[in-house]
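What follows is a single structure, written as structure tokens, with notes after it.
Position 1 is the first residue of the sequence, and the numbers go up from there.
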Amino acid sequence: MTPGRRLLRVASLGVALAVWQTLTSLDVELWLRFGQFPTVTEVAAKLAERASTGPYWQDLADSLRRIVSGFALAAVLGVAVGTAIARSRVAADVLGPVLEVLRPIPAIALVPVAILLFPSNEQGIVFITCAAAFFPVLVSTRHSVAALSPVWEEAVLTMGGGRGRVLLSVVLPGALPGIFGGLSVGIGVSWICVISAEMISGEYGVGYRTWQDYTVVDYPGVFVGMVTIGALGWLTSTAVERTGRRLTRWLPTRAPGSALASPGPPAPAEGPHPGSATASADPGSADGSAPPGGRHLSGVRSP
């Protein structure tokens, strides 16, 4: 990333904080009511106060542990099940209908199920986090594996490779870009559900502490929790995306500004050798040679 882009990102964040500070310090009351919102300085002071205490960091570590455990389990299960469904008709027929029925159910709606199934709230929250990330990874893996061209698999089989070799050398590397797309979505959904689960049934964690601040009308504390959740989510999603870029370095990269460049005219085709039969053919003949006024170029007559 260029220094100009970094500066632009920092400036956008600074402008957002300045707007927040202005609206809350002036108690703007239009259609939206900012009078009861804490200012940026109040939230910063509260964050500094919380950061100097042990419970803040304990809550942060608890939420991170739940996210890492649930997300890692979802990543392994999602990739394995998605690959099996994409490559096996039996797995698609046995697992597909059940998973398609479960997929529309929001993970947070599984809180009563987790309370009934697991002996502790900790295990239930990890289960909800895993369920939230599992389906994005499953769907992206299934579509990525199914979209692979069979040419490379046939080449490995022709050279004597077995199914294991095909899986490790063709299927998983070829599906990696799509898999990491699902992982990026899954980590964000995981944070939403783990915070919600902590608010509903947790005993500690960032979500639990944020809800406790709300119940005692400590709005600066609520915003400290929101800022902490946003920072943790940004750090974990960035880690997933950078890991994906490192593992898919073989992908072609786009040149800077290429998306903004307008496509130019097609390059003229190289003319035939002067002594060839095509050069000596009668213009406009039925053998596909160029008619008067130009040469055929991929089915399009050049001006």
Side-chain angles (χ1 to χ4, degrees), residues 1-53 55-57 59-61 63-64 67-68 71 108 132-133 136 177 180-196 198-199 205-246 253-262:
M1 185 184 298
T2 62
R5 291 188 62 190
R6 290 193 181 94
L7 181 60
L8 182 60
R9 294 189 176 195
V10 172
S12 67
L13 182 60
V15 169
L17 293 176
V19 172
W20 176 7
Q21 177 69 22
T22 302
L23 293 174
T24 53
S25 61
L26 297 178
D27 294 336
V28 175
E29 297 282 348
L30 298 175
W31 179 61
L32 298 175
R33 301 173 298 175
F34 294 95
Q36 296 182 353
F37 268 54
T39 63
V40 175
T41 54
E42 291 173 346
V43 174
K46 192 69 173 182
L47 177 59
E49 176 187 341
R50 291 281 178 89
S52 61
T53 62
Y56 174 82
W57 297 104
D59 290 335
L60 190 149
S63 295
L64 274 177
I67 276 288
V68 171
F71 181 72
I108 198 62
F180 272 97
L183 291 174
S184 298
V185 175
I187 191 65
V189 179
S190 295
W191 273 111
I192 295 173
C193 291
V194 73
I195 296 300
S196 302
E198 288 176 349
M199 289 181 175
V206 178
Y208 170 78
R209 195 67 56 190
T210 303
W211 183 253
Q212 292 302 308
D213 290 333
Y214 174 74
T215 58
V216 297
V217 199
D218 183 6
Y219 292 128
V222 172
F223 276 81
V224 167
M226 294 169 62
V227 171
T228 303
I229 295 166
L232 291 175
W234 175 72
L235 289 175
T236 51
S237 62
T238 300
V240 171
E241 291 177 1
R242 290 192 175 184
T243 303
R245 285 197 295 266
R246 286 182 177 273
T253 56
R254 187 185 66 184
S258 61
L260 301 178
S262 59

Set of residues satisfying side chain to side chain contact (heavy atoms under 4.5 Å, CB included) with respect to [X], sequence neighbours excluded:
X      : result
Arg246 : none
Ser12  : none
Trp211 : Met199, Tyr214, Thr215
Trp234 : Thr238

Nearest-0.5 Å distance that lies between atom CG in Leu64 and atom CG in Asp59 = 11.0 Å
Euclidean distance, Leu183 CG relative to Ser237 OG, rounded to 0.5 Å | 12.0 Å
Under the 3.5 angstrom rule, does the side chain of Ser63 hit a backbone N or O of Leu60 as a donor-acceptor pair?
-> no
Evaluate the side-chain contact (heavy atoms from CB on, under 4.5 Å) criterion for residues Ile195 and Val206: first the C-alpha distance (whole Å), next the side-chain angles of each, then the deciding distance (0.1 Å), finally the verdict.
-> CA-CA 7 Å; Ile195 296 300; Val206 178; 4.3 Å; yes
Salt bridge (Lys or Arg N to Asp or Glu O under 4.0 Å) partners of residues 215-235, not counting sequence neighbours, each pair once = Lys46-Asp218, Arg50-Asp218
How close do Val185 and Pro136 get, heavy atom to heavy atom, and via which atoms?
-> CG1-CB, 4.1 Å
In terms of heavy-atom contacts, Trp20 and Val43 come closest through CZ2-CG2, 3.9 Å
Residue pairs, two or more places apart or on separate chains, that pass side-chain hydrogen bond (donor to acceptor under 3.5 Å, both in side chains) and touch residues 182-195 | Trp191-Thr236
Output every pair passing side-chain hydrogen bond (donor to acceptor under 3.5 Å, both in side chains) with a member in residues 31-44, not counting sequence neighbours, ordered by first then second residue.
-> Thr39-Thr41
Only pairs under 3.5 Å count here: list side-chain donor-acceptor contacts from residues 223-233, not counting sequence neighbours, and write none if there are none.
from, atom 1, to, atom 2, distance (Å)
Thr228, OG1, Tyr56, OH, 2.8
Thr228, OG1, Val224, O, 2.7

Taking only residues two or more places apart in sequence, or in another chain, which ones meet Phe34 in a ring-ring contact (aromatic ring centres under 6.0 Å, His included)?
-> Phe37
